[in-house]
Amino acid sequence: MKYVLIALALAAMCVPASAAGNPDVNVYVSFDDTGAGGLVHQYDMTVYTAFNAYFCFGGLDMGLTVVSFMINDPMTEYPGLFANQSFTNLLDIIVGDPYEGMSLASTTCRTGDVVVVGYLNLFPIEVGPCCVRILDDPQFPRWVVDCTLPNGEVDFYAFLANGAIDGADCPDTPVEASTWGSIKALYR
């Protein structure tokens with residue numbers, strides 16, 4: 001597993017100053033299992049009926065092999081609403097913890113209009129407003145490694161939407177596009 005993290009670090013050091021293969025890559029939560037069904041960001045839950053929140057990446061001109069992000073912990077943030085929750089990785093490898101920061105990796109290039117990389121299964125025992133949120137991984141914020149040969153390039157994804165359950169006001173915090181120069185300036 002640590003070899004994936006080493007590969008990510010090496011990929012980051014090799015990123016050229018120009019845009020990589022996925023300049024418009026984005027991430028969002030959808031309650032549609034394809035991620036493409038009209039970008040379904042809202043859900044009305046029913047007591048004792050499990051449901052899934054899917055984590056979707058779009059705008060993938062050059063596919064993806066690795067993504068890094070974390071998610072909030074609905075059972076902790078909304079006590080008494082859920083009896084159970086579990087994260088399922090739909091790629092091949094997971095390094096880290098979904099609620100503390102994770103990198104998901106695939107042994108093959110994943111392509112398509114939308115790539116669903118995982119989902120959070122929730123089992124409600126009460127109803128009430130809550131959110132499923134995508135957060136930055138503390139080590140590799142907003143990283144997507146594309147399928148550019150030979151080693152892939154790192155792209156930085158834009159955030160589109162969180163998942164709102166039972167009419168919750170889940171603040172979506174889109175980010176403005178940054179240039180590579182402005183990112184490098186942060187570390188000078």
Side-chain angles (χ1 to χ4, degrees), residues 1-37 39 52-72 86-121 132-163 174-184 186-187:
M1 299 298 170
K2 65 182 173 183
Y3 296 110
V4 173
L5 295 176
I6 292 169
L8 286 172
L10 289 173
M13 290 184 250
C14 298
V15 175
S18 62
N22 294 320
D24 299 320
V25 64
N26 55 65
V27 64
Y28 58 93
V29 175
S30 179
F31 294 101
D32 170 57
D33 64 348
T34 66
L39 305 179
N52 296 327
Y54 298 89
F55 303 98
C56 309
F57 284 79
L60 297 167
D61 299 331
M62 293 297 294
L64 67 80
T65 57
V66 178
V67 296
S68 296
F69 64 102
M70 66 185 239
I71 60 176
N72 67 315
S86 63
F87 178 81
T88 300
N89 173 23
L90 296 176
L91 300 182
D92 301 313
I93 301 166
I94 184 171
V95 177
D97 181 272
Y99 314 109
E100 296 176 8
M102 65 182 163
S103 291
L104 307 178
S106 176
T107 56
T108 61
C109 180
R110 302 293 177 110
T111 60
D113 293 334
V114 175
V115 175
V116 180
V117 299
Y119 62 88
L120 182 65
N121 178 268
V132 175
R133 295 179 296 126
I134 298 168
L135 306 167
D136 287 346
D137 179 293
Q139 291 183 325
F140 306 107
R142 302 189 182 197
W143 276 25
V144 174
V145 178
D146 64 30
C147 302
T148 304
L149 294 175
N151 299 322
E153 295 180 348
V154 174
D155 304 292
F156 296 92
Y157 59 80
F159 171 80
L160 288 184
N162 285 315
V175 294
E176 296 178 20
S178 297
T179 64
W180 179 245
S182 67
I183 293 169
K184 288 192 314 188
L186 294 171
Y187 298 99

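It should be emphasised that the depicted structure is a prediction, and the values quoted were computed from it without experimental measurement. FYI, side chains are in, hydrogens and waters are out, and symmetry mates aren't considered; it's all heavy atoms of this structure.
Side-chain contact between Met70 and Pro138: present, with at least one pair of heavy atoms (C-beta onward) separated by less than 4.5 Å. Contact annotation: the side chain of Val132 never approaches that of Tyr119 to less than 4.5 Å [non-hydrogen atoms, C-beta and beyond]. Contact check for Phe156 versus Trp143: side-chain heavy atoms found under the 4.5 Å cut-off. Side-chain contact between Phe69 and Met102 is present, with heavy atoms from C-beta onward closer than 4.5 Å. In this structure the side chain of Asp97 never reaches within 4.5 angstrom of the side chain of Phe87, judged on heavy atoms. By the 4.5 Å heavy-atom criterion applied to side chains, Asn72 and Asn162 are not counted as neighbours. Looking at heavy atoms from C-beta onward, Val145 lies in side-chain contact with Val154 at the 4.5 angstrom threshold.
Side-chain polar atoms of Thr148 and Asp146 form a donor-acceptor pair below 3.5 angstrom.
Rounding to the nearest 0.5 angstrom, the gap separating the CG atom in Leu135 from the CZ atom in Arg142 is 9.5 Å. Interatomic distance, SG of Cys109 versus CG of Leu149, reported as 8.5 Å (0.5 Å rounding). Considering CG of Asn89 and OG of Ser106, their distance stands at 9.0 Å, rounded to 0.5 Å.
Of all non-hydrogen atoms in Ala161 and Phe159, the two that sit nearest each other are C-CZ, 3.5 Å. Taking all atoms of both residues into account, the shortest heavy-atom contact from Ser103 to Val66 is CB-CG1, 4.5 Å. When every heavy atom of Gln139 is checked against every heavy atom of Asp137, the shortest pair comes out as N-OD1, 2.6 Å. For the residue pair Gly112 and Val115, the shortest heavy atom distance occurs at N-CG2, 4.4 Å.
The backbone N or O of Thr107 lies less than 3.5 Å from a partner atom in the side chain of Asp92, making a donor-acceptor pair. A donor-acceptor pair under 3.5 Å is formed between the side chain of Tyr157 and the backbone N or O of Ser68.
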Please report, to 0.1 Å, the donor-acceptor pairs under 3.5 Å made by any side chain of residues 52-63, with sequence neighbours excluded.
from	atom 1	to	atom 2	distance (Å)
Asn52	OD1	Asn121	ND2	2.7
Asn52	ND2	Tyr54	OH	3.1

- Message: With side-chain contact (heavy atoms from CB on, under 4.5 Å) as the criterion, how do Leu64 and Leu91 come out once you've worked through the C-alpha distance, each side chain's angles and the decisive distance to 0.1 Å?
- Response: CA-CA 10 Å; Leu64 67 80; Leu91 300 182; 4.1 Å; yes
